[in-house]
Amino acid sequence: MSIRTRFAPSPTGFLHIGGARTALFSYAFAKKHAGEFVLRIEDTDVERSTPEAVQAILDGMAWLGLTHDEGPFYQMQRLASYKKVINSMLENGTAYYCYSSREELDALREAQMAAKQKPRYDGKWRPEVGKTLPAIPVDITPVIRFKNPLRGVVAWDDLVKGRIEIANAELDDLIIARADGTPTYNFCVVVDDFEMGITHVIRGDDHVNNTPRQINLLTALNATIPQYAHLSMILGDDGQKLSKRHGAVSVMQYHEDGYLPEAVLNYLARLGWSHGDAEIFNLQQFCEWFDLNHITPSAAQFNTDKLKWLNNHYIKLADLSVLAKDIVTRLANSGVNVTDQPNLQDAIALYRDRANTLNELAASIAYFYQLPVIDDAAKEKHVTHEVTSALNDLTDLLAKTDWTAEAIHAAINQIVTANTLKFPKLAMPLRVMLTGGAQSPSIDAVMAILGQTETLKRLKALLN
RNA sequence: GUCCCCAUCGUCUAGAGGCCUAGGACACCUCCCUUUCACGGAGGCGACCGGGGUUCGAAUCCCCGUGGGGACGCCA
């Protein structure tokens with residue numbers, strides 16, 4: 001039988017980093033086994049689901065390149081299927097109507113909490129042989145509950161966490177359909193996983209506690225139980241639970257912040273999974289290597305520094321034309337208009353080694369297309385009186401120099417020698433005057449790209 | 001409160017009883033390269049939560065603590 005996995009987000013917000021990793025692992029597991037990866041949108045919470053969130057999830061998946069083989073399926077479009085199953089359960093007695101009001105249930109929960117007990121439904125409307133049910137109240141629309149087994153244990157061999165057993169006594173009769181008739185999460189998941197032929201459920205470990213309920217439901221439906229793999233959660237950089245207050249949580253935020261999808265993918269793959277000492281690999285390689293037994297069962301803390309390191313690696317490897325296209329947009333967004341000259345790809349090639357993000361890269365080469373803001377402290381330190389005459393001489397010489405890095409280098413050397421200076425004595429002020437600051441790649445390479453006219457213009461403007 | 005899960009350098013991890021003097025990566029520090037800053041190269045610092053077992057032998061297996069996390073909705 002072919003392996004089938006699924007990613008089943010609820011469209012109540014953007015695709016966050018934890019969800020992206022879950023999707024990645026589900027995707028990779030399916031690919032590894034030449035199976036199918038299904039995308040399912042769990043939108044039964046009509047109050048909180050939005051079309052914008054659906055789009056955000058789709059966008060995030062697309063950016064990462066995690067394409068699904070089937071779907072997206074929308075649960076709200078599968079209501080008929082759920083209804084059918086619920087009716088059959090009502091008929092065969094594995095589900096029943098419950099007329100307890102919300103107020104009643106709230107009071108019950110409070111009382112149980114106060115008595116230091118695990119809050120759970122008391123089974124008031126649960127039919128049993130020889131039990132007389134209360135009179136049906138006229139003013140209450142009932143919900144439908146699953147008749148969960150009272151005794152015994154539910155157990156499964158979790159592919160990440162090992163064997164987990166939970167006593168049925170810990171479970172209660174969960175609501176599978178609301179008063180308005182819409183089915184609830186645990187029920188839809190079960191019907192969908194069954195009807196969509198999902199063989200491996202790979203999801204966040206906040207679902208561990210839902211698993212026994214789902215297994216009981218599946219059993220009641222005479223369905224085969226899929227294999228479960230529960231992934232531990234991802235913690236923020238500070239070790240705290242990921243939340244909106246913890247910076248970039250949306251995957252698309254990483255795009256905006258200048259991260260390459262291959263870097264994010266590579267980083268996420270190594271968060272909670274390993275393949276010996278391998279640190280750098282692409283999506284295809286990951287899919288070939290991926291296995292569930294090398295997943296760490298413990299929570300992993302996000303580390304932006306390592307992501308940046310990977311991002312720098314992929315920036316160094318990227319195709320220059322691809323980077324150029326991206327950088328044009330980023331520069332435009334910060335009001336910098338990229339012109340034909342200086343050559344953008346040359347500028348990028350010169351700076352990519354030192355950029356951790358595309359935003360840094362864009363910022364670092366902006367001075368090629370607009371006058372830089374001069375760092376006053378750097379100017380004061382390097383553009384000193386003792387070198388101004390040498391700099392003027394150099395400017396004159398440069399006006400007659402062939403515009404190649406080699407020739408420029410030779411010209412600087414000539415003035416350096418004539419004035420018995422050291423190379424940096426001239427390189428530093430040139431840096432400040434041309435780029436605005438004291439740090440840059442080789443100054444001759446910078447000048448070669450900046451162009452003769454612009455170089456002379458900037459020097460003269462600051463030297464007179 | 002009840003149930004469930006987790007526990008190796010600061011962080012991500014290797015490790016399936018002897019290969020461990022606990023390996024790699026990020027970060028940090030030092031040196032080299034050098035035209036400044038990066039990149040790159042070479043080193044360095046740095047961990048098995050505690051206590052009991054089991055075993056000839058335990059980071060690895062078991063138990064108990066401790067610490068962290070999750071779940072307990074007509075949310076997903």
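It should be emphasised that the depicted structure is a prediction, and the values quoted were computed from it without experimental measurement. Letters A, B, ... are given to chains in the order of the sequence lines, protein chains preceding strands, and every chain is numbered from 1.
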Quickly work out the [X] [atom1] to [N] [atom2] distance and round it to whole Å.
{"X": "A:Leu231", "N": "B:G70", "atom1": "CG", "atom2": "P", "result": "16 Å"}
{"X": "A:Ile234", "N": "B:G70", "atom1": "CD1", "atom2": "P", "result": "14 Å"}
{"X": "A:Ile140", "N": "B:C74", "atom1": "CD1", "atom2": "P", "result": "14 Å"}
{"X": "A:His230", "N": "B:G69", "atom1": "NE2", "atom2": "C1'", "result": "15 Å"}
{"X": "A:Asn303", "N": "B:U13", "atom1": "CG", "atom2": "C1'", "result": "12 Å"}
{"X": "A:Arg40", "N": "B:A76", "atom1": "CZ", "atom2": "P", "result": "13 Å"}
{"X": "A:Leu361", "N": "B:A38", "atom1": "CG", "atom2": "P", "result": "17 Å"}
{"X": "A:Glu42", "N": "B:A76", "atom1": "CD", "atom2": "P", "result": "9 Å"}

[X] side chain, from C-beta outward: closest of [options]:
{"X": "A:Ala300", "options": "B:C12, B:U35, B:A76", "result": "B:C12"}
{"X": "A:Trp309", "options": "B:A27, B:G1, B:U35", "result": "B:A27"}
{"X": "A:Asn209", "options": "B:G70, B:C6, B:C72", "result": "B:G70"}
{"X": "A:Glu279", "options": "B:C72, B:A25, B:C74", "result": "B:A25"}
{"X": "A:Lys306", "options": "B:C26, B:C4, B:C72", "result": "B:C26"}
{"X": "A:Ile175", "options": "B:C39, B:U35, B:C74", "result": "B:C74"}
{"X": "A:Arg270", "options": "B:C39, B:C72, B:C12", "result": "B:C12"}
{"X": "A:Arg48", "options": "B:U36, B:C3, B:A76", "result": "B:A76"}

Between [N] and [X], is there an OP1 or OP2 to side-chain N/O distance shorter than 4.0 Å?
{"X": "A:Thr184", "N": "B:A76", "result": "no"}
{"X": "A:Ser274", "N": "B:A14", "result": "yes"}
{"X": "A:His275", "N": "B:A14", "result": "no"}
{"X": "A:Lys316", "N": "B:G40", "result": "yes"}
{"X": "A:Arg109", "N": "B:C72", "result": "no"}

Just checking [X]: base, sugar-phosphate only, or nothing, at a heavy-atom cut-off of under 4.0 Å?
{"X": "A:Gly437", "answer": "nothing"}
{"X": "A:Thr44", "answer": "sugar-phosphate"}
{"X": "A:Pro297", "answer": "sugar-phosphate"}
{"X": "A:Lys422", "answer": "nothing"}
{"X": "A:Ser298", "answer": "sugar-phosphate"}
{"X": "A:Pro212", "answer": "nothing"}
{"X": "A:Ile443", "answer": "base"}
{"X": "A:Val208", "answer": "sugar-phosphate"}
{"X": "A:Thr296", "answer": "sugar-phosphate"}
{"X": "A:His294", "answer": "sugar-phosphate"}
{"X": "A:Asp277", "answer": "base"}
{"X": "A:Asp43", "answer": "nothing"}

So does [X] pair up with [Y], basic N to acidic O under 4.0 Å?
{"X": "A:Asp291", "Y": "A:Lys32", "answer": "no"}
{"X": "A:Arg109", "Y": "A:Asp106", "answer": "yes"}
{"X": "A:Arg40", "Y": "A:Asp193", "answer": "yes"}
{"X": "A:Lys308", "Y": "A:Glu360", "answer": "no"}
{"X": "A:Arg163", "Y": "A:Asp157", "answer": "yes"}

Watson-Crick/G-U partner (both atom distances under 3.5 Å) of [N]:
{"N": "B:C19", "result": "none"}
{"N": "B:C61", "result": "B:G53"}
{"N": "B:A71", "result": "B:U2"}
{"N": "B:U35", "result": "none"}
{"N": "B:A25", "result": "B:U11"}

Examine the base of [N] for any acceptor or donor lying under 3.5 Å from a partner atom in the side chain of [X], and report the outcome as yes or no.
{"X": "A:Gln117", "N": "B:G1", "value": "no"}
{"X": "A:His382", "N": "B:U36", "value": "no"}
{"X": "A:Asp206", "N": "B:A76", "value": "no"}
{"X": "A:Asp205", "N": "B:G70", "value": "no"}

**OP:** Quick one: do A:Asp192 and A:Gln75 satisfy side-chain contact (heavy atoms from CB on, under 4.5 Å)? Show the steps, please.
**Re:** CA-CA 8 Å; A:Asp192 286 348; A:Gln75 290 186 323; 2.8 Å; yes

**OP:** Name the residue closer to the 5' end of RNA chain B, choosing between A:Met233 and A:Asp172 according to the nucleotide with the nearest heavy atom.
**Re:** A:Met233

Pairwise [atom1] distance, [M] and [N] [rounded to whole Å]:
{"N": "B:G46", "M": "B:U11", "atom1": "P", "answer": "16 Å"}
{"N": "B:G67", "M": "B:G51", "atom1": "C1'", "answer": "15 Å"}
{"N": "B:C28", "M": "B:G52", "atom1": "P", "answer": "40 Å"}
{"N": "B:G18", "M": "B:A59", "atom1": "C1'", "answer": "13 Å"}

Original post:
Can you name the nearest heavy-atom pair linking A:Pro261 to A:Leu64, along with the distance?
Top reply: O-CD2, 4.2 Å

**OP:** Measure from NZ or CZ of A:Arg21 to the centre of the six-membered ring of A:Phe25 and say whether it is under 6.0 Å with the direction within 45° of the ring axis.
**Re:** yes

Original post:
Between A:Tyr121 and A:Arg145, is there a cation-pi geometry (under 6.0 Å to ring centre, at most 45° from the normal)?
Top reply: yes

